[in-house]
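First comes the structure, then the notes that go with it.
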Number of protein chains: 2
Amino acid sequence: MLKFVSLLLALSFCQGLQHNNIDDYVEAEPVFEASKYGSLWPLPQKVQISEVSFKLTSSSFRIVDAKASSAGPSCSLLQSAYRRYYEYMFGSAKKQWWSKNNRRSDPSDLSELQVWITSPDSECDGYPSVTSDESCEYLPFLVHVMFYGLETFSQLVFEDEYGAKSINATIINDFPRFQHRGILLDSSRHFLPIKVILANLETMAMNKFNVFHWHIVDDQSFPYLSRTFPQLSEQGAYHPYTHVYTPADVKMVIEFARLRGIRVIPEFDTPGHTQSWGKGQKDLLTPCYSGSKPSGSFGPVNPILNTTYDFMAQFFTEISTVFPDGYVHLGGDEVDFTCWKSNPDIQKFMEQQHFGDDYRKLESFYIQKLLDIVTSTKKGYLIWQEVFDNGVKLKPDTVVHVWIGGGSDKEMSNVTAAGYTTILSAPWYLDYISYGQDWQKYYKVEPLNFEGTDEQKKLVIGGEACLWGEYVDATNLTPRLWPRASAVAERLWSAKDVTDIGDAFNRLSLHRCRMVE
Amino acid sequence: MLKFVSLLLALSFCQGLQHNNIDDYVEAEPVFEASKYGSLWPLPQKVQISEVSFKLTSSSFRIVDAKASSAGPSCSLLQSAYRRYYEYMFGSAKKQWWSKNNRRSDPSDLSELQVWITSPDSECDGYPSVTSDESCEYLPFLVHVMFYGLETFSQLVFEDEYGAKSINATIINDFPRFQHRGILLDSSRHFLPIKVILANLETMAMNKFNVFHWHIVDDQSFPYLSRTFPQLSEQGAYHPYTHVYTPADVKMVIEFARLRGIRVIPEFDTPGHTQSWGKGQKDLLTPCYSGSKPSGSFGPVNPILNTTYDFMAQFFTEISTVFPDGYVHLGGDEVDFTCWKSNPDIQKFMEQQHFGDDYRKLESFYIQKLLDIVTSTKKGYLIWQEVFDNGVKLKPDTVVHVWIGGGSDKEMSNVTAAGYTTILSAPWYLDYISYGQDWQKYYKVEPLNFEGTDEQKKLVIGGEACLWGEYVDATNLTPRLWPRASAVAERLWSAKDVTDIGDAFNRLSLHRCRMVE
């Protein structure tokens with residue numbers, strides 16, 4: 001019998017990660033054999049669960065830094081993750097943890113989970129991000145990977161027949177198949193209270209999602225409180241005090257996400273989807289005409305005024321400092337040309353620019369200038385597929401977001417053939433609901449099922465499940481999103497051949513219970 | 001200016017109810033004019049909202065018994081309703097209510113709501129029920145009607161521009177179009193915690209639903225804890241302690257419903273849908289055969305054993321005392337004959353009874369005996385439509401529940417032509433979900449759109465919105481049921497010609513906010 005069983009969660013740098021070095025390794029007599037995967041979700045790349053089990057006693061169990069780890073007690077990111085996962089595993093046993101601190105452990109107890117960070121730079125204070133090192137394409141920075149190990153470890157913990165927390169000795173090699181695994185929430189069509197967003201981030205972490213795509217403003221409302229242009233939310237939010245995200249709110253969301261290894265990518269969609277912007281920013285939108293007179297209604301952003309670009313430059317400079325992620329989503333979808341067509345000043349501008357009747361050229365003219373502005377703030381950008389379709393010149397590191405259902409395979413082919421990175425959302429519009437287990441439909445999607453070379457396939461860095469807000473608010477967001485989004489989580493994380501619906505159902509059922517808890 | 005404005009909520013007995021005697025009548029200078037209906041839901045039969053408004057001050061406002069009322073302070077049903085609606089209207093102002101008890105009211109204050117019960121028997125301690133007086137077909141007992149008046153009154157209260165609670169002088173004549181307005185919840189496929197059921201009853205009251213159809217057991221689990229046969233839930237519930245409804249739980253649900261004028265009709269569906277019954281009651285279900293040997297699985301209730309009927313007699317005797325309502329729902333839907341056909345003892349019985357190959361005759365044989373048993377417990381019954389379709393002899397007061405979509409108009413014709421009372425659920429299966437505002441689909445249903453005489457139409461006493469539990473549990477019940485079920489509420493309460501979707505949308509949006517609150 002072992003006196004102290006110690007469990008190592010070892011992490012090495014990225015090259016290694018793709019070759020078996022993320023291990024949940026138990027120093028015990030290894031009696032491994034193939035078996036079911038319990039409630040693991042998403043399924044790790046390689047799992048061997050043995051029949052040897054150990055008890056975890058809340059009074060003695062610790063998550064500690066391994067001696068050789070490059071990150072230690074000074075890494076608050078780690079320490080808060082240890083605390084969070086300890087509480088997650090032992091729940092209300094918290095009190096015991098403090099009062100019986102010095103209890104000796106039983107021989108069959110697992111007393112420690114050692115976390116071994118091998119990255120030279122542990123990035124404890126940094127934000128999760130995409131890395132530009134192509135040899136390491138699967139990875140956000142290292143410490144953030146550790147979250148996944150802790151999540152997996154916690155999913156292995158179960159209660160034995162006497163209610164004792166236990167874990168089977170297990171070897172796991174793991175890494176995500178795709179690096180961009182996102183959830184889009186829409187806080188414009190219905191305002192989402194901060195606590196709903198935080199609860200969603202918590203659940204995202206349980207599913208190893210790593211990107212929160214915050215579709216923060218749209219036609220319906222402008223809840224983002226801008227320091228530079230406070231009148232945008234004063235006039236454009238559903239309510240100027242109760243239905244806004246203050247700078248403190250946004251900071252809280254970003255920090256809460258950071259502590260869980262989740263990037264926050266805000267979307268400020270222009271030139272369409274901007275009705276709410278117009279309320280607080282005079283002359284930003286195009287005046288529509290009825291015959292020879294202004295009709296009093298407004299269309300997309302006015303692309304022919306210098307003031308528009310001055311505004312955008314100031315606005316996105318603010319955004320670039322408020323949101324630390326390297327990318328911002330610039331939208332660019334569904335621009336309706338009716339209003340532009342009605343406006344005589346726009347018509348004149350079209351003539352001057354020799355655009356003929358092709359208003360897509362005008363749209364591209366606007367987007368091009370916007371992209372240049374955003375580039376000057378040192379940010380990368382994501383854009384919806386129309387921007388690519390219209391032939392706008394894009395930076396090489398642009399991410400094209402494919403969302404139009406029907407023909408999305410063809411679109412993926414085109415985008416990657418042009419050499420652009422892409423993420424997929426078309427089959428994962430989770431605001432569309434239907435009766436029964438529609439998670440299976442999301443689960444069966446294979447993102448690389450389009451015609452293209454291996455090089456093209458490598459340009460698909462992931463996808464996002466989208467929960468648009470037409471019929472979603474705080475009252476129904478959680479049950480509408482989960483566990484349906486979990487299907488997308490596994491598709492983006494696990495190996496391509498993890499497609500057994502039956503096995504997925506068995507694991508997902510337990511995973512769902514865990515999320516409900 | 002009036003010193004004290006007093007508002008009467010006058011109720012007279014049923015004949016009168018159909019002729020303008022339920023009035024929210026304001027003794028003020030009547031400057032009535034036609035206007036919008038605010039947030040009233042379901043829409044009362046007749047509404048006139050004037051522009052004269054009064055303030056309601058939480059410190060001085062009272063709901064009191066009118067002097068001539070036949071029910072007074074000893075009627076706890078009334079007093080608890082007063083308290084509930086006071087808190088509902090003034091919310092967190094509760095404290096003020098006690099501390100500033102003696103504040104004088106302003107001249108324009110509305111200081112009292114007088115509730116005037118004119119029924120000779122106020123039924124303060126009784127349960128809501130269907131009445132057998134045909135001249136009064138729209139009415140449960142009188143005091144219970146008072147709830148609707150209070151609900152309507154509370155819906156008229158709004159906050160003026162300074163946040164002061166106000167109400168416009170209003171004349172309302174009201175009565176429900178249909179007497180049976182139900183919600184079916186299914187606590188077998190997923191267990192529903194008591195607090196979810198209570199929250200649902202609260203929301204039902206806000207929508208003037210008056211029947212909670214509790215589909216309490218089914219194949220999947222048997223959460224009803226029977227005093228006579230405790231092994232049914234011990235063996236048949238998802239968990240014998242945490243996933244059961246104890247006698248105290250059931251009592252609490254019934255009392256909570258009674259205080260809101262809601263009947264609780266339990267459903268114990270047999271002979272099909274009974275897999276969970278078999279776990280705790282040996283020999284109750286039919287053993288299925290594979291060739292000449294029992295296969296180990298079981299089918300519907302075994303209709304050829306005397307022990308079956310002894311069990312049912314004892315069981316339904318208990319049910320008749322536990323549930324005070326005059327009716328119990330006996331199910332009788334979807335009986336699969338495969339297992340009966342496989343069983344040699346059943347085959348022999350079929351021969352003896354000269355049933356030939358018609359297993360519907362065997363089903364009817366069982367149901368007939370069951371109905372006789374339940375009749376002997378002095379209860380009426382509801383049954384699903386198959387029981388009628390199979391030609392079982394039914395008591396004249398039987399309610400036939402039409403649920404099969406496609407052909408439900410024809411079924412309504414048949415059932416009413418045969419002289420039976422009926423309720424409709426076929427178009428209102430709310431567990432089926434779809435994208436967007438599908439409440440409109442439920443709203444547009446007209447229950448009397450079938451071929452038949454006026455006499456036949458009168459036999460349609462209402463309907464039920466059904467939320468089956470395959471994909472519903474505590475996590476998603478409320479957002480899935482509301483406000484979609486509100487559409488059914490208005491269809492069953494309001495006049496036939498209340499069909500304006502636009503107006504309904506405007507009122508329902510506000511009503512939804514109230515429910516969310």
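It should be emphasised that the depicted structure is a prediction, and the values quoted were computed from it without experimental measurement.
For the side chain to side chain contact (heavy atoms under 4.5 Å, CB included) with Pro479(A), the lone residue among Val472(B), Asn476(B), Asp473(B) that qualifies is Asn476(B).
The parts of Tyr432(A) that come within reach of chain B are both its backbone and its side chain, each placing non-hydrogen atoms under 4.5 angstrom from that chain. Contacts of Asp431(A) with chain B are made by both backbone and side-chain atoms, with heavy-atom separations under 4.5 Å.
No more than 12 heavy atoms of other residues, nucleotides or ligands lie within 6.0 Å of CZ in Phe505(B), so this atom counts as exposed by the packing criterion. Other residues, nucleotides and ligands place no more than 12 heavy atoms under 6.0 Å from the CD atom of Glu517(B).
Taking CD of Glu470(B) as the reference point, atom CD of Gln437(A) lies at 11.0 Å (rounded to 0.5 Å).
Ser434(A) places none of its side-chain heavy atoms less than 4.5 Å from the side chain of Ser434(B). Put simply, the side chain of Arg512(A) reaches to within 4.5 Å of the side chain of Thr475(B), judged on heavy atoms.
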